[in-house]
Each structure stands twice: as C-alpha cells, then as structure tokens.
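The block underneath contains the structure these notes are about, expressed in structure tokens.
All ligand and atom numbering here is 1-based and tracks the order in the structure.
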Amino acid sequence: MDVNHKSYPAVRALRDKDEVKILFVCLGNICRSPAAEGILRDIAASQDPDPSRYTIDSAGTGNYHVGDLPDLRMRIHARSRGINLDHRCRQVHESDFRDFDLIVPMDASNERNLHSLCPDPELEDKIVPMSAFFGPAAGYTYVPDPYYEGDSGFELVLDLLADGCCNLYDSIKKS
Ligand code: 4NP
C-alpha cells in the first residue's frame with residue numbers, strides 16, 4: 001500500500017481521537033464525493049466496533065445541484081455494489097474547515113478551491129487529497145470526474161474510491 005498519507009499530520013492525529021469527522025469534496029457533490037461518503041460509511045459500519053465514532057459527510061465547491069440527490073447513474077452503479085447513496089447536495093461552507101478533522105478533495109482543482117476557501121491558514125493542513133490514499137496499483141493521481149463519461153467512468157470512480165476509502169479507514173481506525 002502507498003504510504004503517502006502517513007506523512008500527513010492531520011491523518012496521523014485521527015487515530016487517537018474518540019470522534020473523527022471527515023468531509024469529502026468534489027465539484028458538483030452529486031457523483032464522486034457522495035460516493036466516497038457512502039463507501040467510507042459502509043466500511044465503518046461493517047468493520048468498526050464503534051461506527052458512531054465517525055461523522056462522514058460530503059460537499060461541493062460548486063452550487064449547481066444544491067438539494068439534489070446524487071446523480072442517478074452514480075446511485076445505480078453504487079447500488080450494484082450494495083451501497084445506497086441518499087446524500088443531499090450541499091456546498092462547502094467556511095465552517096466546515098473548523099467542524100471537520102479531515103477534508104478530502106477528489107482532484108487538484110477541488111484541492112485548489114478548498115485552499116482558496118479556507119478561512120484560516122492553520123486549518124489548511126486538514127486538506128488531504130483522496131489520491132494520497134490510493135494504493136500503488138491505482139494508476140491515477142486524482143479521481144476523474146465521471147459526469148460526461150459512460151458506465152466505465154462511474155465504475156472507475158467506484159474502484160478508485162473503494163481502494164482509497166479502505167486505505168483511509170485503515171489509517172484512521174483505532175489500533
Ligand atoms: P462531481 O461531478 O463533481 O463528481 O459531483 C460533477 C457533477 C456535476 C457537474 C460537474 C461535475 N456539473 O457541472 O453540473
């Protein structure tokens with residue numbers, strides 16, 4: 001497994017906390033980040049002795065779809081893997097940088113936007129890219145936007161997120 005994420009202090013600090021709060025971020029908050037939210041929640045529910053330790057949410061840097069359910073195509077592809085996505089789209093708020101311990105953008109554009117939105121430079125350490133959790137076989141340095149892609153784009157996103165969320169969970173679970 002890639003050890004990239006271990007160099008992030010915000011990730012290391014989570015192991016010792018009784019509660020961990022993670023926010024996944026993409027552009028629209030209808031494809032990638034709600035899928036990451038659903039996948040990590042499913043992993044915590046099935047593997048952790050105390051799933052209530054985790055607050056897991058997602059948000060978008062854009063506001064085009066606020067209030068919407070995730071994209072139907074993403075819901076169908078996730079459902080075929082046993083994951084229900086029922087998040088309602090919301091935009092990133094300044095308060096998220098205080099409320100969450102780890103803020104995980106899907107791609108470099110999301111990451112840049114988060115750094116611009118962050119109200120306090122001391123909170124920017126909380127921003128850790130999803131790709132930091134990819135295993136060496138992933139072959140990607142970001143989670144590609146599937147919005148204009150076909151079925152294979154959605155399956156690719158779910159494969160990358162399944163790998164990344166598994167490694168993320170392993171790096172923050174209590175030892
Ligand atoms: P997401 O995908 O960032 O993974 O939710 C997108 C969804 C919608 C749009 C862009 C990206 N859009 O422009 O409407």
Side-chain angles (χ1 to χ4, degrees), residues 2 4-5 8 10-11 21-44 54-97 99-119 123-124 126-135 137-169:
D2 191 357
N4 186 6
H5 59 277
Y8 289 93
V11 177
K21 297 181 179 173
I22 298 170
L23 181 70
F24 293 104
V25 173
C26 61
L27 172 59
N29 190 216
I30 56 167
C31 294
R32 294 166 290 174
S33 61
E37 174 191 340
I39 289 169
L40 184 61
R41 189 174 291 133
D42 182 67
I43 292 169
Y54 302 88
T55 297
I56 304 166
D57 196 2
S58 65
T61 57
N63 65 356
Y64 328 106
H65 298 281
V66 169
D68 292 352
L69 280 168
D71 185 287
L72 181 60
R73 297 164 296 173
M74 183 53 93
R75 279 159 47 211
I76 289 171
H77 282 273
R79 185 77 197 95
S80 73
R81 299 181 184 216
I83 312 276
N84 273 321
L85 303 181
D86 58 2
H87 175 78
R88 289 284 175 175
C89 174
R90 73 170 181 86
Q91 197 168 17
V92 176
H93 306 302
E94 264 194 24
S95 57
D96 289 326
F97 292 93
D99 293 344
F100 288 86
D101 303 305
L102 197 62
I103 301 177
V104 184
M106 296 292 126
D107 64 29
S109 168
N110 309 149
E111 188 175 354
R112 276 194 303 277
N113 287 331
L114 283 172
H115 282 284
S116 303
L117 290 166
C118 187
L123 300 174
E124 289 187 60
K126 294 182 177 188
I127 303 168
V128 176
M130 189 72 222
S131 60
F133 301 98
F134 290 170
Y140 276 82
T141 55
Y142 61 101
V143 184
D145 183 349
Y147 195 66
Y148 296 105
E149 305 297 331
D151 288 346
S152 61
F154 286 87
E155 287 296 315
L156 171 64
V157 167
L158 290 168
D159 286 344
L160 290 170
L161 293 177
D163 171 50
C165 287
C166 194
N167 294 331
L168 168 53
Y169 174 71

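A salt bridge does not link D96 to K21: none of the charged nitrogens lies less than 4.0 Å from a carboxylate oxygen.
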List the steps, then state whether side chain to side chain donor-acceptor pair (under 3.5 Å) holds for N110 with D107. CA-CA 5 Å; N110 309 149; D107 64 29; 3.2 Å; yes

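Atoms of ligand 1 lying under 4.0 Å from any heavy atom of H65, numbered from 1 in the order shown and given with element: 8 (C), 12 (N), 14 (O). Below 4.0 Å from some heavy atom of C31 lie the following atoms of ligand 1, by number and element: 1 (P), 2 (O), 4 (O), 5 (O). Under a 4.0 Å criterion applied to the non-hydrogen atoms of L27, ligand 1 contributes the atoms 3 (O), 10 (C), 11 (C). Close contacts between ligand 1 and N29 involve ligand atoms 5 (O) [criterion: under 4.0 Å to a heavy atom].
Note: no N/O pair closer than 3.5 Å links C26 and ligand 1 by distance alone. Looking at R32 next to ligand 1, an N or O pair under 3.5 Å apart turns up.
S131 places a side-chain N or O within donor-acceptor distance of the main-chain N or O of T141, the cut-off being under 3.5 Å.
Protein heavy atom in closest approach to atom 6 (C) of ligand 1: D145 OD1, 3.7 Å.
With rounding to the nearest 0.5 Å, the separation of OG in S116 from CD in E111 is 11.0 Å.
Within a 6.0 Å radius of OH in Y169, more than 12 heavy atoms belonging to other residues, nucleotides or ligands are found.
Side-chain contact, N29 with H87: a donor N or O sits under 3.5 Å from an acceptor N or O.
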